[in-house]
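Every chain is numbered from 1 and lettered A, B, ... according to where its sequence line falls, protein lines coming before strand lines. Quick caveat: nothing in here was measured; it's all calculated off a predicted structure. Side-chain atoms are counted along with the backbone in the values below, which use heavy atoms only and exclude waters and symmetry mates.
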Number of protein chains: 2
Amino acid sequence: MHNGCVPEETRRQPTIKDVAAAAGVSISTVSHVYSRARPISEPTAARVTAAAEALGYIPNPSAASLRGGQVGIFGLVLRPRNAVHGSLSGTETFTRFSGAAAAATLATGRGLLHVPNVLAEKARRVAMDGCIVMGPYERDDVVAALKKRHVPVVCADVDPSNPDDPWAVHVDYRPAVEQLLSAAASGGAQRLALIAGSEANNWTMSTRGTIQEWCSAAGLSLTAHDLFEGVGSTGAEGLAFDLLGSSTPPDTIVVSSTRFAGGVLAAAKRLSIRIPEDLRVCALTDSALTRDAEPSITSLDLLLEDQAKACVDLLIRALSEGSPPLQPVIVTPQVRWRASLGSPGEGAP
Amino acid sequence: MHNGCVPEETRRQPTIKDVAAAAGVSISTVSHVYSRARPISEPTAARVTAAAEALGYIPNPSAASLRGGQVGIFGLVLRPRNAVHGSLSGTETFTRFSGAAAAATLATGRGLLHVPNVLAEKARRVAMDGCIVMGPYERDDVVAALKKRHVPVVCADVDPSNPDDPWAVHVDYRPAVEQLLSAAASGGAQRLALIAGSEANNWTMSTRGTIQEWCSAAGLSLTAHDLFEGVGSTGAEGLAFDLLGSSTPPDTIVVSSTRFAGGVLAAAKRLSIRIPEDLRVCALTDSALTRDAEPSITSLDLLLEDQAKACVDLLIRALSEGSPPLQPVIVTPQVRWRASLGSPGEGAP
DNA sequence: TTGAAAGCGCTAACAG
DNA sequence: CTGTTAGCGCTTTCAA
């Protein structure tokens, strides 16, 4: 046996002509059997199908798209830098999103193309009907490049500089973040520390804004720290250790990435600080790292599956109608209550 | 401002004709400027480029592929069931692999298509020049379906039922697994337990085989347990708790997925068993869960980036030459030594 | 160094 | 219900 992945003789792929000849019909009949664009009699359709099956025929999508315009492919760009390197934080967020986006795209008969770097010259050769950009930065240059190439773009979470973009799936972090904060407050929180990522995307910027507003309205003290996501749990551990060892340590720490949460836990352990009794902790996204931590960490489920599905729907609308929906598309993250924040209190559902 | 993702007037994409007219040359000249298939004089090329730039022209890849045959797209199928649901184990393994595969593919000017389910009828419409299947099962039906559709297939890690497949990137787990075992043995291991996933892929089957052989040759006792990956760390914790509480508890536990490792750690903690003094632990893949665990867990780095790159190279060979490489392509995983197994001993490099 | 023209495989009028 | 035919945008001979 040959174990070959390629047919021994490089036999030309059968075309619509071959099928038409074998079935004794015209090529347009064959075409219509596949496109269902017009009714074909039962016996004819059966003959065509049989012939196609026998020859191993599959319609050439390039040829089909040449006429019809669309190529049957959506692109996906994951913006947060750490998405590319699986070893950094946020891994689960991106897997969940791309898996869901791929499934939703495939359900429409299209494919989802993973595009690490649209700006690269090489990438210009790959065709897309539209593109989903997850977590765009302020005035995102990838989005700009795509638009210049006439590629319809839909964003998952809005570009912070374009907050009313009707072609984005808006993520409303506010309600969940406020639930988190009021739960902390009702548990006795006085001094908050925020350890957030340093990227200029809406997740980082909007949650920080909400927290600042809420704290100042509620009269809680807040110190905010930006930490490059790449420093991982070790980096967060160092920062948390310093904070917790200072003369005025925080009693509540909110972290953005789940790897930061691990670092905070480690620092607390080294200092024999009990969670949630002495220190409350919560994270602004969810992953195995927070679910399985000891103690488990209250965090935000960003509902990535919903976001992905909504993006695909929006992109299809852009392609078919061209006009944006009248109401913005909104996804509202949910709090997953766990041990690290004490009891949910009045903030819980 | 309109915030539009689609141009206000749905203006037809400029074609090669428009560029030719604007530059005052023939369409074949424009074509050759882009394909570099024949020399074009400097001033002419400049005029064409300028015209194309002004019009925002990009060559239509569908049209190009109609003639040339290839569509510039590789498919990627992640076989392990838990790869689809980001929330289960192995997340990082698949992100790393697909990120690396996407980068390697893009570097060749092609795109990487995420294919959740090739068997679905809908998926037949998406075109691929070839497909990478990661972690195929025994007599994998996805691989079979792809081959039936004349799609060249390359596997990352071999189909266990086709161990000499020249169109696979072979992963040789043996050396690293043996290093792990001899380190455990030189640390005093006597009674081993293996908690492996239940999927019939080569990772699971080959490592289990090596461990069984090695233990019987070295005279160590071994009990092997299959656990569905979906049970996660909680499932593994329950099993480990029972094992460690039995009358003849293991002194070494090897787990396949990193989430299982977390469960083992939790069980040991509940029973006040010290690691690595009383119990040695190691995992057969690596992730944030093992790197950041307390104590950190010795595990296998599967070198997913190398695997992905090798797959892309192999697929390109299949497309261009059609004949398999004379020597099998092999990737050899590396042990990442950490606290949970004690000192590496003689097994370490 | 460049142009003209014949398709690539398929879709979509337009006829019958 | 089915067949004929003119392209879709580009590549690629073949001429000039």
To the nearest 0.5 Å, what is the distance between OG1 (B/T15) and OH (B/Y57)? 7.0 Å
Consider the side chain of B/N60, meaning its heavy atoms from C-beta on, and name the nucleotide among C/dG9, C/dC10, D/dC10 that approaches it most closely. D/dC10
Could you state the atom-to-atom distance from CG of B/L66 to P of D/dC8 in whole Å? 13 Å
OP1 or OP2 of D/dC10 sitting under 4.0 Å from any side-chain N/O of B/Y57? yes
Grab the N/O contacts between the protein and nucleotides 2-5 of chain C below 3.5 Å, and write none if there aren't any.
unit_1, atom_1, unit_2, atom_2, d
C/dT2, OP1, B/S41, OG, 2.9
C/dT2, OP1, B/T44, OG1, 2.3
C/dT2, OP2, B/S41, N, 2.8
C/dT2, O4, B/R38, NH1, 3.3
C/dG3, OP2, B/S26, N, 3.0
C/dG3, OP2, B/S26, OG, 3.1
C/dG3, OP2, B/T29, OG1, 2.5
C/dG3, N7, B/S28, OG, 3.3
C/dG3, N7, B/R38, NH2, 3.0
C/dG3, O6, B/R38, NH1, 2.6
C/dG3, O6, B/R38, NH2, 3.4
C/dA4, N6, B/S28, OG, 3.4

For atom CG of A/L55 and atom P of C/dG9, their distance in whole Å: 14 Å
Does a donor on one side chain sit under 3.5 Å from an acceptor on the other, for A/S28 and A/S31? no
Rounded to whole angstroms, how far apart are CD1 on B/I58 and C1' on D/dG9? 13 Å
Taking the axis from the first five pairs and the axis from the last five, what angle separates them in the helix from C/dT1-D/dA16 to C/dG16-D/dC1, rounded to 10 degrees? 30°
Separation of D/dG9 atom P from B/Y34 atom OH, nearest Å, is 16 Å
Student check: side-chain heavy atoms of A/M134 and A/D157 closer than 4.5 Å: no
Anything under 30° is parallel, anything over 60° is perpendicular, the rest tilted; go ahead and classify A/H114 against B/H114. parallel
Of the listed nucleotides (D/dC8, D/dT11, C/dC10), which one gets closest to any side-chain atom of A/P59? C/dC10
Out of curiosity, A/Q307 CD to A/C155 SG, how far, rounded to the nearest 0.5 Å? 11.5 Å
Do A/Y137 and A/D159 have side chains that get closer than 4.5 Å, going by heavy atoms? no
Let me know the distance between NZ of A/K17 and C1' of C/dC8, rounded to the nearest Å. 9 Å
Could I get the full list of side-chain contact (heavy atoms from CB on, under 4.5 Å) partners for A/L303, not counting sequence neighbours? A/D301, A/D306, A/V331, A/Q334, A/R336
Please round to the nearest 0.5 Å and tell me the distance separating atom CG of A/L146 and atom CG of A/D140. 9.0 Å
Counting C-beta onward and ignoring hydrogens, is there a side-chain heavy-atom pair between B/H170 and B/N202 closer than 4.5 Å? no
